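Okay, here's the structure, questions in a sec.
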Number of protein chains: 2
Amino acid sequence: MSEGADTRGGAAGRNLLFLREEELRLAQDLLFFGYRDFTAGPDAILAEMGMGRAHHRVLHFLGRRPGLTVGELLSILAITKQSLSRVLTPLVEGGFVAQAPGRADRRQRHLSLTPAGEALERRLFERQRETVTRAYREAGPVAVEGFRHVMRGLMEPEARRAMERLGAPDRPSVRAVPLGKPGLGGKAP
Amino acid sequence: MSEGADTRGGAAGRNLLFLREEELRLAQDLLFFGYRDFTAGPDAILAEMGMGRAHHRVLHFLGRRPGLTVGELLSILAITKQSLSRVLTPLVEGGFVAQAPGRADRRQRHLSLTPAGEALERRLFERQRETVTRAYREAGPVAVEGFRHVMRGLMEPEARRAMERLGAPDRPSVRAVPLGKPGLGGKAP
DNA sequence: ATATTTGAGTCAATGACGCTGACCAAACCA
DNA sequence: TGGTTTGGTCAGCGTCATTGACTCAAATAT
């Protein structure tokens with residue numbers, strides 16, 4: 001609060017108390033077009049397989065943290081159980097995701113990628129790698145640091161915590177005991 | 001091709017030919033969480049009014065470039081006419097968007113915000129301004145420059161061209177002649 | 001002057017992705 | 001034993017996007 005009060009806002013940055021109209025409009029444009037094109041590659045691959053972006057998210061976070069439970073995945077994605085179910089069930093039945101009951105708490109289902117799931121995730125990953133590598137190379141390392149900083153700043157505290165948990169070097173986590181039997185609640189009554 | 005060949009990739013940046021796994025995973029996380037929270041504010045406001053993100057996009061681009069024709073808007077959003085229609089029709093009927101026939105080509109419909117549309121767009125804008133201002137202030141001006149550079153790099157050439165057109169200082173454009181009569185093709189046969 | 005193309009709009013059907021509310025079963029825990 | 005937590009299910013709704021086929025008016029090309 002002791003840094004002056006240039007409320008009229010000048011060029012980008014300064015010590016802004018608020019953004020000039022044009023600066024925000026630019027940010028809106030950048031995020032709209034950038035995010036759209038960032039997801040376009042995987043979207044196209046997924047569409048061929050009758051899947052969508054939601055499937056990719058599950059594959060991505062399971063690739064990042066094998067052994068996540070359903071509940072943990074739900075809190076990361078911040079969607080409802082039913083929404084996750086509509087995506088997760090086909091992934092399990094299609095042989096992309098494996099489930100293993102928790103050792104400590106057998107109600108939990110620890111999720112992980114099967115080899116087929118890893119292969120698909122890898123394919124989507126490589127597609128996105130092209131896009132991001134190009135952007136990073138064009139922009140340079142300093143810009144990349146800035147990009148990360150700003151993106152993190154856009155997040156709510158909840159999302160920042162979720163990222164910390166994901167990024168943490170490690171966690172005990174059940175190493176996805178490949179218990180072949182799904183043994184789920186039972187699809188048909 | 002003359003920039004060395006450090007294919008093993010090192011720390012962030014360098015002159016990367018490809019990204020280390022962890023760097024890309026981080027970028028994926030940042031874009032997912034960041035974009036989600038960036039849109040969360042407006043989404044909540046819109047939901048109260050029975051609208052969605054697609055409505056916001058229309059309001060945003062019309063706020064930025066009053067007088068856009070339907071065709072121009074379609075090419076910016078890169079969606080189909082039918083998808084736009086489902087969003088645009090309620091906005092027109094709800095009194096948020098006005099249409100004016102083109103002077104040169106009377107088949108065209110030049111779109112602009114009504115006062116009610118401007119008010120709504122402003123409300124969504126102010127909500128997002130809070131989010132982005134916070135992120136920019138935390139990150140600082142250098143980071144903001146980097147953020148912009150990277151986001152632009154994520155875009156396909158097509159989107160970059162669209163942004164240039166939007167950002168261009170001006171364009172002749174019909175100044176949205178407030179011709180009261182919609183005079184549309186006729187809703188009922 | 002007729003024919004084609006273009007800009008806008010429409011109907012019908014489909015699908016992905018999110019939501020709520022209600023409910024059930026198994027497992028854990030006090 | 002009884003309450004809570006974890007995971008799963010059914011039914012229904014709404015948004016946002018898609019394709020295909022069609023109308024209509026205005027502009028333009030032959």
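In this text the structure is predicted, and so the values were computed from the model without any measurement. For the numbers below, each heavy atom of this structure counts, side chains included, while hydrogens, waters and symmetry mates do not. Just so we're on the same page: letters track the sequence lines, and every chain starts at 1.
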A:Ser85 (side chain) donor-acceptor with A:Lys81 (main chain) under 3.5 angstrom: no
Upstream residue (5' side of DNA chain C) when A:Gln82 and B:Gln82 are each assigned their closest nucleotide: B:Gln82
Phosphate OP1/OP2 of C:dG18: any A:Thr80 side-chain N/O under 4.0 Å: no
Upstream residue (5' side of DNA chain D) when B:Lys81 and B:Arg86 are each assigned their closest nucleotide: B:Arg86
Parallel, tilted or perpendicular, as decided by the 30° and 60° cut-offs, for the rings of A:His60 and A:His56: perpendicular
N/O (side chain, B:Arg57) to phosphate O (OP1/OP2, D:dA17) under 4.0 Å: yes
Whole angstrom value for the distance that separates P of C:dG7 from CG of B:Leu68: 15 Å
Interatomic distance, A:Asp43 CG vs D:dT18 P [rounded to whole Å]: 12 Å
Most 5' of B:Gly71 and A:Ile79 on DNA chain C, judged by nearest nucleotide: B:Gly71
Distance below 4.0 Å between A:Ser83 side-chain N/O and C:dC17 OP1 or OP2: no
OP1 or OP2 of D:dT15 under 4.0 Å from side-chain N/O of B:His55: no
Separation of atom CZ in B:Arg106 from atom P in D:dT28, rounded to whole Å: 12 Å
A:Gln128 side-chain N/O to B:Gln28 backbone N/O, donor-acceptor pair under 3.5 Å: no
Ring-face cation of B:Arg122 near B:Phe125 (centre distance under 6.0 Å, axis angle within 45°): yes
Candidates C:dG9, D:dT6, C:dG18 - which lies nearest the side chain of B:Val70: C:dG9
Nearest-angstrom distance from the residue atom CZ of A:Arg107 to P of C:dA27: 10 Å
For atom CG of A:Leu84 and atom P of D:dG8, their distance in whole Å: 8 Å
Between P of C:dC17 and CZ of B:Phe32, the distance in whole Å: 12 Å
A:Phe32-B:Phe61 aromatic ring centre distance below 6.0 Å: yes
B:Tyr35 OH - C:dG18 P separation (whole Å): 14 Å
Nearest-Å distance for atom pair CZ/P, residues B:Arg103 and D:dA26: 18 Å
